[in-house]
Amino acid sequence: MSYMITMRVNGVEHTAHVEARLLLSHLIRDVLDLTGTHIGCDTSSCGACTVLVNGQAVKSCTMFAVQANGADITTVEGLAKDGKYHPVQQAFWDQHGLQCGFCTPGMIITTVALLKKSPKPTEAEIRAGLRGNLCRCTGYHNIVKAVQAAAEARRSS
Amino acid sequence: MTMVGINESVKRREDPRLISGQGKYVDDIRLPGMLHLSLVRSPHAHARIKRVDVSRASKMDGVVAIFTGADLQEQLGSLPAGWVLPDLKQPKHPPLAVDKVRYVGDAVAAVVASAPYLAADAARAVKVTYESLPAIVDAEKATKRGAPILHEGNADAGGAPNNVAFDWEVNGGDYAAAAKKADVVVRERIVNQRLIPNAMEPRGVVADYEPASGQLTMWTSTQIPHLLRLLFALVTGHPEHKLRVIAPDVGGGFGSKLYIYAEEVITGIVAKQLGRPVKWIEGRQENYLATTHGRDHITDVEICGNKDGTITGISCEVNANLGAYLSTFAPLIPTILFGIMLVGVYKLENVKCKVRGAFTNTTPVDAYRGAGRPEATYLVERMVDRFADAVGRDPVAVRRKNMIPAFKRGKAVATGVKYDSGDYKKALDKALEMLDYPKFKVEQRAARKEGKLLGIGFSTYIEICGMAPSAVASSLGAGAGLWESSLVRIHPTGKATVYTGTSPHGQGHYTSMSQIVSSQLGIPMEDVEVVHGDTAAQQFGTGTFGSRSVVVGGSALYMSLQKVVAKARKLAAHQMGVPEKQVQFANGRFVVEDVPDKSMSFPDIALQCYLAKDLPKGMEPGLEAVSFFDPENFTWPFGCHVAVVEIDEETGDTKLVRYVGVDDVGKVINPMIVDGMVHGGVAQGVGQALVEQAVYSNDGQLLSGSMMDYAVPTAEMFPNFETARTETPSPTNPLGVKGAGETGTIAASPAVINAVVDALSHLGVTHIDMPATSEKVWRLIQGAKEERRKARQGSRNGRKR
């Protein structure tokens with residue numbers, strides 16, 4: 001049996017007929033073709049699939065697509081505005097906060113949510129805030145620097 | 001326009017795609033009519049396959065085909081070892097098991113359906129009847145009499161009697177004599193635990209077959225597209241020139257994507273059978289079972305020397321776990337990459353090393369970041385600390401006393417290899433300076449008085465990189481040359497496309513290679529395109545592993561650039577009407593010596609090469625060059641890493657409070673990128689030291705089978721890393737580089753464990769096996785306290801009597 005769902009993704013309204021068991025992460029990737037959201041595990045551990053659901057960072061593999069019916073969703077593809085990177089994207093680039101890039105979309109989205117909640121995080125708060133996102137390349141060193149730089153940029157803009 | 005040289009921290013050119021969700025990994029590839037493949041995997045560690053019943057599954061929604069091992073036995077062939085040691089046992093490794101499964105996760109059948117969920121549903125409905133057999137997971141017990149045999153029959157019949165794949169040894173000097181003469185011999189049994197690599201992108205394959213042309217195209221998450229194409233051709237008989245392998249964006253590898261895998265062969269052959277595109281994407285729990293693991297050594301080690309702190313020898317006997325089958329490089333890792341590194345940075349004259357490789361009912365074990373060198377470095381650096389403790393000397397002083405003095409070109413060591421260049425004391429001194437060692441010692445004494453457990457650990461490591469001189473590698477068992485290639489193609493407008501045989505997965509080759517081109521041609525980085533990871537685009541290349549890409553691939557690129565400049569200079573001289581030796585090339589211009597206004601730009605010359613209306617006699621039109629670089633020696637990066645840990649006595653929790661890493665990787669192309677790789681490597685090394693461990697039950701179930709059970713380090717585990725470098729150029733390649741991909745992983749584990757032991761040393765603790773989890777540390781503290789209490793009681797009782 002399929003269900004009709006409607007949601008706003010990156011400002012665009014989408015309607016889809018989906019199976020009840022379809023994960024939000026698969027809807028985003030396989031139905032909407034937004035492949036910037038990655039899937040790195042099957043236990044909601046790695047955070048690569050993190051998106052904003054109504055402004056909150058959510059691991060999109062923890063939700064069924066039908067649960068997101070009516071939601072406003074932002075993926076990594078929806079962050080840049082008017083041809084300019086979001087300050088968090090820019091900071092990840094400037095601070096070399098990525099290597100293979102696979103965890104990056106999830107890290108960036110998590111950081112966006114983190115800074116909204118806590119605009120001036122301490123280093124300990126940043127590290128705790130990234131607890132749900134795994135990176136195997138950077139040792140988190142430059143990711144922490146990127147979050148700090150993004151917080152700084154946010155304050156001065 | 002960014003004119004850059006080498007040794008400049010330019011921002012990465014690959015990042016705009018990756019930060020905006022435009023990266024293209026295998027799972028992002030969709031082809032019209034594409035089918036999805038799901039594998040039925042064995043839940044048994046060791047069993048005979050009695051029957052595979054696909055009747056129910058094949059009737060399910062969306063199912064297109066189901067293949068068992070018996071169906072495709074001929075087409076799939078057997079996966080070979082790519083590194084053949086003398087007398088290596090090479091049992092067959094069918095990509096789909098035919099009569100027997102040998103580890104949990106061994107693939108038994110392939111289900112193809114129109115959608116991924118449907119393929120997974122049907123895979124679950126395939127009914128396999130097994131006859132369970134006793135399993136063995138421990139490398140040492142596996143080779144003992146009476147252990148279950150994985151590969152039956154004698155060696156000629158493809159068996160591995162006693163589960164032994166090989167016995168290998170390396171000797172230098174005379175260890176037995178050294179030990180006899182020594183004042184002190186320290187022994188330890190050290191377990192280097194099994195690890196799961198955990199590249200953030202699991203593996204995946206998309207295969208597309210075009211029946212009319214016979215062309216098979218495969219996108220796969222690999223570090224070695226060219227070697228994979230060659231191996232695929234050899235295994236399946238599919239012609240090499242009709243196979244195109246593409247490594248698109250690859251989300252990390254750390255050695256785990258350095259082989260030909262069963263799933264690559266299965267997906268390719270199934271696509272060929274069906275004449276339709278087929279995709280297989282690995283789940284994470286599947287990745288834990290089906291992608292190679294790393295390390296897993298049980299070692300009895302001895303170090304010997306004199307009371308004055310001189311170390312005279314090291315000896316070890318290793319049981320290396322290879323898992324159920326030989327993965328592509330499995331025989332290399334615990335032997336050559338391990339044994340020849342046992343001298344470390346020390347004037348150690350006597351080395352004895354025996355390694356036995358064993359088959360067990362576990363996931364195959366192969367290279368994991370560092371690959372052999374972390375195992376060796378851990379033994380050496382751990383035992384140097386044990387030795388220092390035994391002779392009552394400071395571990396830093398012992399290291400310094402035994403270090404090989406600085407040298408610029410070639411130093412032969414007892415294991416028969418020649419280090420390229422080194423200045424080990426300089427790296428140690430720099431680390432000590434950053435650390436303020438005397439001040440730390442004062443702090444540590446004060447902390448201990450307050451009952452705090454504070455420890456410091458050193459690791460003055462060395463590694464072997466830049467794989468490799470092909471003739472040497474071949475004499476040691478390599479099944480392929482390990483040179484690297486480049487092609488530089490200058491376009492008529494003076495812009496450049498360069499093709500490298502290396503295949504990055506996070507290392508930033510687009511940027512580093514662009515920097516090399518920009519520095520040599522004087523054209524802006526934006527005018528350079530770097531193409532990698534596509535066998536249809538490039539000449540053969542070996543790939544990216546062993547910190548070799550800039551060392552061997554960068555040097556091959558440098559050679560081609562020199563050829564291009566030489567030709568361009570010749571043409572410039574001809575067109576400006578002066579002898580060639582009067583033409584200087586600098587900042588992208590060919591200038592006539594002493595006549596600064598007489599010059600031609602590099603793009604001018606490029607255009608002239610293609611217009612070809614005024615070329616010197618005998619010169620061909622066009623401007624491109626190809627080079628294959630085969631180095632004369634490996635490179636030997638080194639350095640000194642220091643860890644400071646604080647242990648909570650009540651919980652045993654170990655916190656890394658400071659980390660100083662000084663590396664010498666020779667010349668550096670992009671310091672920012674090198675620092676980044678060091679950070680990541682350190683995190684993996686610390687992860688091994690403190691939290692990571694793949695655990696099997698005795699009957700072969702992987703207990704740490706998901707990311708909820710295996711501790712991948714999180715951001716909270718680490719302090720900010722303090723990194724620095726010394727620079728001792730390598731004389732073995734034109735760039736003077738040594739390779740920087742693995743230093744951190746190799747250096748960190750012993751530094752951290754030495755720090756943990758140091759923190760507990762006043763309790764009488766001399767060793768702890770990795771990972772130093774809070775439970776293990778807590779038990780050790782309680783045990784040590786109990787020992788002391790007993791000892792005190794004993795001495796009181798003694799006095800009473």
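Worth knowing before you read on, the calculation uses all heavy atoms, side chains too, and leaves out hydrogens, waters and symmetry mates. Convention: sequence-line order gives letters A, B, ...; per-chain numbering from 1. Nothing here was measured: the structure is a model prediction, and the numbers come from that model.
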Scored by heavy-atom pairs under 4.5 Å with chain A, the best of Pro16(B), Gly680(B), Ala715(B) is Ala715(B)
Close approach to chain B in residues 48-78 of chain A, criterion heavy atom under 4.5 Å: Val76(A), Glu77(A)
Mind checking salt bridge (charged side-chain N to carboxylate O under 4.0 Å, His left out) for Arg21(A) and listing every partner two or more places apart, or none if nothing turns up? Glu19(A), Asp121(B)
Residue part contacting chain A, namely of Phe721(B), when any heavy atom lies under 4.5 Å: both
Side chain, backbone, both or neither: which part of Ala80(A) has an atom under 4.5 Å from a heavy atom of chain B? neither
side-chain contact (heavy atoms from CB on, under 4.5 Å) with Gln90(A): which residues, sequence neighbours excluded? Tyr85(A), Trp93(A), Asp94(A), Lys11(B)
Under a 4.5 Å heavy-atom cutoff, which of Pro105(A), Cys103(A), Cys137(A) has the most pairs with chain B? Cys137(A)
What are the two closest heavy atoms between Arg30(B) and Thr35(A), and how far apart are they? NH2-CG2, 3.6 Å
Region of Asp675(B) in contact with chain A, defined by heavy-atom distances below 4.5 Å: neither
Do you know the tightest heavy-atom contact between Ala119(B) and His36(B)? CB-O, 3.5 Å
Scan for side chain to side chain donor-acceptor pair (under 3.5 Å) pairs involving residues 104-121 of chain A, sequence neighbours excluded, and state none if there are none. Thr110(A)-Asn133(A)
Selection from Cys100(A), Gly36(A), Gly132(A) maximising heavy-atom pairs under 4.5 Å formed with chain B: Cys100(A)
On a heavy-atom basis, the closest approach of Gly506(B) and Arg12(B) is O-NH1, 3.1 Å
Looking only at side-chain N and O atoms, does Asn287(B) offer a donor or acceptor that is under 3.5 Å from a partner on Glu282(B)? yes
